[in-house]
Amino acid sequence: MSNYDTKTIEPKWQARWDESETFLAVRDESRPKYYVLEMFPYPSGRIHIGHVRNYTMGDVVARYMRATGHNVLHPMGWDAFGMPAENAAMAIGGHPKDWTYSNIATMREQLKPLGLSIDWSREFATCDPEYYGQQQSMFIDFMEKGLVYRKNAVVNWDPIDMTVLANEQVIDGKGWRSGAEVERRELVQWFFKISDYSEELLDAIDNLDNWPAKVKLMQENWIGKSRGAQFSFDIENSPEGFDKIEVYTTRPDTIFGASFVGISPDHPLAKALEANDPAIAEFCAACRKGGTTAEALDKAEKLGYDTGIRAKLGPDVGFVGDLPVYIANFILMDYGTGAIFGCPGHDQRDHDFAKKYDLPIIDAFRPLGSDRDYTYVMPEILAEPYVPTKDEKVEYVRPCKGPDQMTGQEAIDHAISWFEDHGFGKGVTKYRLRDWGLSRQRYWGCPIPVVHCDDCGVVPEKKENLPVKLPDDVTFDIPGNPLDRHPTWRDTECPSCGKPAKRETDTMDTFVDSSWYFARFTSPRADTPTDIDDAAYWMNVDQYIGGIEHAILHLLYSRFFARAMRSCGHLPQGCEEPFDALFTQGMVTHAIFKTPGDDGRPVYHYPEDVDLKDGKGFLKDGTEVDIIPSAKMSKSKNNVVDPVAIIEQYGADTARWFVLSDSPPERDVEWTASGAEAAYKHLNRVHRLSTEIAEGTGTGSDDETLLKAMHKAIQDVTLGVASFGFNASIAKLYGFTNTLAKSKASHAARREAILTLAKLMSPMTPHLAEEIWTMQGETGLITDAAWPKADESLLVEDSVTMPIQINGKRRSEITVPADMEKAEVEKLALANDAVVKALAGGQPKKLIVVPGRIVNVVI
RNA sequence: GCCCGAGUGGCGGAAUGGUAGACGCAGGGGAUUCAAAAUCCCCCGAUUGAAAUAUAUCGUGGGGGUUCAAGUCCCCCCUCGGGCACCA
């Protein structure tokens, strides 16, 4: 009897797939194409068990689609630019390029033993000049389309990494990588005009039917559309040149509840005042200093400074009197107009502010049936503002227009038209989404391919001079951008006039690299960014798989890029939404084992040092450890599972099988030693079963039962595999394996069953499946065999057992022929002992028969 | 604060409104073995019960409701997780 020897089996089949170029993707119009993609990895140095889960899921989809007759594209590449390479160069010397390519080589060698059905011929890294050169070419195209611009901008400056961060990269006021408190600086920066697409990116979300609702919602909130009114107050007692304040509001219906006007400390008017008034300057400086962490904002008091300026609406509107103009710390310059009117009666923030500065609280509306009408309320009388939802009907005591009773939304619509009718305001739609600042003052990124010429200004590099390659001779001994201090790299000539000029030294945000790699995979060696025919054939990505952490940034940028690429002719029409279906998978977690240390800090123990017994863990010396279940893997907590060691110990198929079993794919799965062991035992059992069947002969009985179970398994497993129900599929496979192991059917039937089992397992455990295929004397690769089809006629049971409920509680059951008439079933049910007893000679009030399902007798 | 999502045995988790707990882990019992490992078989929600294929009672975070029938649908509440946030 041969053993389940993964060290022989797995490399053998991987070599066979390689030799026969099984996974090479070639255009073939005769078959439907299917493009499955997992988010490509950053080459950090080693693969993580999370990679195993991510790529295994993609591989299951790819192999299943392949078996169902699709021409599958399943590529792999490396998101290879970024700061860790520079950090490594700073920490341990060497060059980011060497560090990166060496990591890629290591990780490729670690990934390959997983037996993924990847077309490795399409592999590339984003730091390959062939890739980033095409990106530069596209950047120039975007410039021509007006999708790129420069502006002086207040940026988030990370003082440790010495770089600019996107808003999205600032988390709680700290740099997403360094954790350093972010500072505000003004620099000339490059931007993509993603805001041009705000409306389109928002509207199109509705059509992303196969995206998780959660991700769609997050994107909607991120784009943040709001409809409101923009209008001006006339101001008096203001500096020269300022006779109006433009404000934006989403609640114009509350205008007659206004009791002050507020402007941001960064508002031009505030800046003008600051220049002449030291007290105001001091106040504004204090506002800017305030931390931007969520915590700091929570605690930050509303601060205001009365400028002495007075504001009023246009002369003939009446009602709203002179309003004091405050500089207030809670008003952001980069949203709306940087100025608001405050309505303390219907806004918590304004309410807080009004209380503090003793400003009037004026109701614009009141709850239906209420008789309150506050025109000026001392804070102690009205503790809270009245803030109903926009679809709640309220009664207006100071309406702009429209009936007295209407919902907030109706009132807003009426108010906007009232503003427009009176000619001092207009309806305006605003988005929270800002343009994408892509400049990075780093070395290890794609150089922005432009030249600064004294005479011609900013000039794009000529395309024939691309790629603008990164120079190799750089050092990282001092912070900042090595490109800035390189002696010669910057020096070039103007592509337009030929005079000496300087290269741009900013490089691109690495999110640019990952915003179009999926398109490049369709023709990775093309000498244009894409080959339009290849793109037309392979796009869109039919199934995209990755972590929820990319729900906003990466996916939104990719959606923008697809549109921008279409407008430059790099993608055909219909690719605006590049990912037809998205699946976000959970993490692989692992328990943390810790004991209290002498200094009070916990000591973390490696899993291999802990013996588990009855749910408790003990060290070798008998000390009990605390167990924290399901924690994110972290090197510092010593709870990282190394996939390489797992593959070494159990083989790739076990690792693949385990990460798919137990938990639904979208949820986190906890890696446990016992679970991995169990997976390994099961695969051993299947292998043993196959050996047994291969060696067996002869006749048996009850083939039909086995074949029925087989077709049921085909049905159930297929359903699971096709819908990301991998854990459910695996449960069915366990069940079918048990049935087969116990079956006394004939050799022919059992052989058919094990072949089907292998086929059904092949997306998850491809090596073992190939092995069984061969053991049973089949020729060719199981990978090339067609997916089994369930025979409908064998799925139908001859007889069914139906529970009988009496008043909704299960009391008995009857077994009847599956096709029995409802009336017959009713008759049988009424004759059932339990029913007869319960009826006690009476008649049921109601008798419900759901054919094939259940009988309910209501008494 | 706002917006989502989730609460089912000791654990991970199954369950088109139709027999709650599939499958796996852990646990218990047995077979095999000189013994062990491996393997195979059986039991395994709680309560009551000496026990039993008990046709007993309770049971899917809590409380109401719709329905012949609710883990599943509706309303309120609690807890946990995630996202966003002085966004006017």
Do the ring centers of A/Phe231 and A/Trp418 come within less than 6.0 Å of each other? no
Is the distance from OP1 or OP2 of B/C40 to the nearest side-chain N or O of A/Arg685 less than 4.0 Å? yes
Rounded to whole angstrom, note down the P distance from B/A22 over to B/C11. 15 Å
Using purine N1 to pyrimidine N3 plus N6-O4 or O6-N4 for Watson-Crick, or N1-O2 and O6-N3 for G-U wobble, both under 3.5 Å, which nucleotide pairs with B/U53? none
Pick the C1' atom in B/U79 and in B/U60, then give their distance to the nearest Å. 16 Å
Using atom P of each nucleotide, how far apart are B/G12 and B/G7 to the nearest Å? 12 Å
Need one value for A/Asn727: base, sugar-phosphate or nothing, where a base atom within 4.0 Å counts as base even if backbone is also close, heavy atoms only. sugar-phosphate
Counting just side-chain N and O atoms, does A/Arg349 come under 4.0 Å of either OP1 or OP2 of B/G1? no
Counting only Watson-Crick pairs (N1-N3 plus N6-O4 or O6-N4) and G-U wobbles (N1-O2, O6-N3), all under 3.5 Å, who is the partner of B/C73? B/G65
Identified pairing partner of B/G27, criterion: Watson-Crick or G-U wobble below 3.5 Å: B/C43
Mind checking the P distance from B/A38 to B/C25? Whole angstroms is fine. 13 Å
C1' atoms of B/U33 and B/C40, separation to the nearest Å: 13 Å
Within the pair A/Arg667 and B/A6, is there a side-chain N or O less than 4.0 Å away from OP1 or OP2? no
Euclidean distance for C1', B/G5 against B/G10 (whole angstrom): 26 Å
Identify the nucleotide, in any strand shown, that forms a Watson-Crick or G-U wobble pair with B/C2, with both distances under 3.5 Å; if there is none, say none. B/G83
Please confirm whether A/Tyr680 and A/Phe658 have ring centers closer than 6.0 angstrom. no
Under-3.5 Å donor-acceptor pair between A/Arg853 side chain and B/U16 base: yes
Pick the P atom in B/A69 and in B/U55, then give their distance to the nearest Å. 23 Å
Any base atoms under 4.0 Å from A/Asn738, or only sugar-phosphate, or nothing? Heavy atoms, all strands. sugar-phosphate
